[in-house]
Amino acid sequence: MNKEQVHHVIQLLREGHSLTNITKIAKINVMYVSVIRKLMVMDLLQVEA
């Protein structure tokens with residue numbers, strides 16, 4: 001995963017898409033999306049909007 005993919009996943013999460021929807025849109029593994037979401041929830045991932 002590169003930085004652009006992470007930003008894309010974060011944008012999709014903020015828009016309210018489901019995990020399975022994001023994996024189809026971004027074409028990445030659901031585990032990566034799950035980890036990014038968990039880091040966002042725990043406030044460990046600080047990314048500007």
Side-chain angles (χ1 to χ4, degrees):
M1 278 188 89
N2 59 23
K3 189 175 183 178
E4 289 79 26
Q5 285 177 311
V6 173
H7 283 288
H8 189 231
V9 170
I10 290 170
Q11 178 186 2
L12 291 171
L13 283 168
R14 287 185 177 155
E15 291 173 2
H17 293 281
S18 68
L19 290 181
T20 53
N21 224 8
I22 294 173
T23 58
K24 291 175 187 171
I25 295 170
K27 294 181 177 65
I28 59 172
N29 193 322
V30 70
M31 292 303 292
Y32 291 125
V33 180
S34 178
V35 168
I36 291 171
R37 184 182 68 172
K38 185 161 296 266
L39 290 173
M40 285 175 64
V41 169
M42 295 170 57
D43 284 333
L44 296 176
L45 184 64
Q46 304 296 325
V47 178
E48 298 84 32

Residues in side chain to side chain contact (heavy atoms under 4.5 Å, CB included) contact with Glu4, at least two apart in sequence or another chain: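 Only Asn2 meet the side chain to side chain contact (heavy atoms under 4.5 Å, CB included) criterion with Glu4.
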Quick one: list whatever passes side chain to side chain contact (heavy atoms under 4.5 Å, CB included) with Val30, sequence neighbours left out.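 Testing Val30 for side chain to side chain contact (heavy atoms under 4.5 Å, CB included), a comparison that skips the adjacent residues, returns Leu19, Thr23.
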Could you report the tightest heavy-atom contact between His8 and Ile25, atom names first, then the distance?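 Nearest heavy atoms, His8 then Ile25: CE1-CG2, 3.9 Å.
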Nearest-0.5 Å distance, CD of residue Gln11 to NE2 of residue His17: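 Atom-to-atom, Gln11:CD and His17:NE2 are 8.0 Å apart.
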State the CD1-CD1 distance between Ile36 and Ile22, to the nearest 0.5 angstrom.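 Nearest 0.5 Å value for the CD1-CD1 distance: 9.0 Å.
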Got a sec, which residues hit side chain to side chain donor-acceptor pair (under 3.5 Å) with Ser34, two or more places apart in sequence or on another chain?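 For Ser34 there are no side chain to side chain donor-acceptor pair (under 3.5 Å) partners, ignoring immediate neighbours.
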Hphob cluster co-occupancy, Ile10 + Val41, side-chain heavy atoms under 4.5 angstrom: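 Ile10 and Val41: separate clusters.
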